[in-house]
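First the structure, in the form of structure tokens, and then the observations on it.
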Protein chains: 2
Amino acid sequence: METNDALDALSALSQETRLAVFRLLVRREPDGVAAGDLAKAIGVPANSMSVHLGVLSHAGLVTSERRSRSVIYRADLSRFRELMLFMLKDCCNGRAEICAPLIADLTPCCPTEDVVHV
Amino acid sequence: METNDALDALSALSQETRLAVFRLLVRREPDGVAAGDLAKAIGVPANSMSVHLGVLSHAGLVTSERRSRSVIYRADLSRFRELMLFMLKDCCNGRAEICAPLIADLTPCCPTEDVVHV
DNA sequence: TCCATAATTCATGAATAATTGAATTATAAG
DNA sequence: CTTATAATTCAATTATTCATGAATTATGGA
């Protein structure tokens with residue numbers, strides 16, 4: 001991920017409505033949510049929601065797919081992971097004071113097959 | 001970390017100059033960098049830099065300390081870690097598709113004492 | 001075809017953020 | 001005390017973003 005991509009993604013997520021939308025979509029993976037349902041759930045007009053979804057989409061954080069009259073939006077988890085890695089990359093180049101505690105905090109909730117506590 | 005704190009932090013980091021400043025400060029931990037040196041390094045006027053540093057400071061991402069005529073700025077790594085955890089928290093509540101690959105990507109560069117590969 | 005639903009685009013105004021010259025504050029040296 | 005350096009604050013302008021009523025596009029059913 002390039003710096004400009006990260007800036008676009010951070011900018012997209014730094015707005016109240018869009019952060020709420022993205023967090024909702026993460027929770028609704030992998031089904032996704034229709035644009036109109038998002039507007040109702042968050043409580044904003046449909047046209048406003050459409051603009052916000054366009055910003056998230058342009059930043060690569062969500063994907064969309066037309067399904068009959070609705071357009072289903074989904075969080076792009078791999079893109080989100082790329083953003084997190086971009087943000088953490090600097091600190092990992094040579095020092096562990098951020099990443100080590102972060103891993104320690106994350107590991108209990110997401111056990112993986114190749115990592116184990118001793 | 002509350003949603004509003006996360007929004008402030010994301011908003012602070014979603015601007016080109018401020019993201020560059022923060023990344024530089026992360027690399028310069030724990031020494032920190034004087035405000036004037038940051039302005040020169042990034043290539044913006046001192047008063048502009050001062051405003052940007054104020055935004056980062058208000059978001060809790062940097063701390064400052066006067067040292068003679070200079071003011072030394074430092075990245076607040078624990079605050080940054082809180083932001084990363086906030087962003088990752090939703091996905092970890094019940095699913096691992098983001099966190100597990102993220103941990104897998106981070107662990108090789110930041111080995112910790114209580115986690116080991118098997 | 002005609003109508004209803006879902007979503008987006010357009011146009012406008014309001015609010016917010018960014019930039020920068022000038023002035024101000026804080027510190028240290030002569 | 002005066003001067004120089006470092007940083008911030010102020011003020012004014014410019015640029016960007018946000019919100020929303022109205023219009024437009026796309027789809028499916030009667």
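Proteins come first, then strands; the chains are lettered A, B, ... in the order of their sequence lines, and each starts at number 1. Keep in mind it's a predicted model, so treat the numbers as computed, not measured.
Contact annotation: the side chain of B/F86 never approaches that of B/E2 to less than 4.5 Å [non-hydrogen atoms, C-beta and beyond].
From A/S14, atom OG reaches atom CG of B/L7 across 7.5 Å, with rounding to the nearest 0.5 Å.
Considering only side-chain atoms of B/A34, the nucleotide from C/dA28, C/dT20, D/dA7 that sits closest is D/dA7. For A/A35, whose side chain is taken as the heavy atoms from C-beta onward, the closest listed nucleotide among C/dA7, D/dT8, D/dG21 is C/dA7. Residue B/V71 has its side chain nearest to D/dT8 when only C/dA6, D/dC18, D/dT8 are considered. Picking from D/dT8, C/dA7, D/dA6 the nucleotide with the shortest atom distance to the side chain of B/S50 gives D/dT8. In the set D/dC18, D/dT8, C/dA6, the nucleotide with an atom closest to the side chain of A/R69 is C/dA6. Of all nucleotides listed (D/dT27, C/dT20, C/dA28), C/dA28 comes nearest to the side chain of B/S68. In this structure, the nucleotide among C/dA18, C/dA28, D/dT27 sitting nearest to the side chain of B/H52 is C/dA18.
Distance CG (A/L53) to C1' (C/dA6): 13 Å, rounded to an integer number of Å. Here the C1' atom of nucleotide D/dT17 and the CD atom of A/E16 are 15 Å apart, to the nearest Å. Counting to the nearest Å, the C1' atom of C/dT19 and the CD1 atom of B/I42 are 16 Å from each other. Nucleotide C/dT19 holds its P atom 10 Å from the CE atom of B/M49, rounded to whole Å. Between B/H58 atom NE2 and D/dT8 atom P the separation is 16 Å, expressed in whole Å. Taking atom CD on A/E65 and atom P on C/dT8, their separation rounds to 13 Å, with Å as the unit. One interatomic measurement links the two molecules: CD1 of B/I72 to P of C/dT27, which rounds to 14 Å at whole-angstrom precision. Remark: P of D/dT16 and CG of A/L7 are 15 Å apart, rounded to the nearest angstrom.
For B/S78 and B/D76, the side-chain atoms include at least one donor-acceptor pair closer than 3.5 Å.
Note on the helix from C/dT1-D/dA30 to C/dG30-D/dC1: angle between the axes of the first and last five pairs equals 10°, rounded to 10 degrees.
Contact between the side-chain N/O atoms of B/Y73 and the OP1/OP2 oxygens of D/dT8 is found at a separation under 4.0 Å.
Using a 4.0 Å heavy-atom distance criterion, A/S48 is classed as a base contact.
A/A9 and A/L61 make their closest contact through O-CD1, 3.8 Å (heavy atoms, listed as atom of the first residue, atom of the second, distance).
Using a distance-only test at 3.5 Å, with no hydrogens or angles considered, no donor-acceptor pair links the side chain of B/R74 to the main chain of B/V33. Checked by atom type and distance alone, the side chain of B/R79 never pairs as donor or acceptor with a backbone atom of B/R81 at under 3.5 Å.
Screening A/L88, A/D8, A/L13 for a side chain to side chain contact (heavy atoms under 4.5 Å, CB included) involving A/L83 leaves a single residue, A/L13.
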Pairs under 3.5 angstrom only: tabulate donor-acceptor contacts from the side chains of residues 15-25 of chain B to other protein residues two or more places apart or in another chain.
from	atom 1	to	atom 2	distance (Å)
B/Q15	OE1	B/T17	N	3.0
B/Q15	OE1	B/R18	N	3.1
B/R18	NE	B/A12	O	2.7
B/R18	NH1	B/H52	ND1	3.2
B/R18	NH2	B/S11	O	3.4
B/R23	NE	A/D90	OD2	2.6
B/R23	NH2	A/D90	OD1	3.4
B/R23	NH2	A/D90	OD2	3.3

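Where A/N47 and A/R18 each meet DNA chain D at their nearest nucleotide, the meeting point lying more 5' is that of A/R18.
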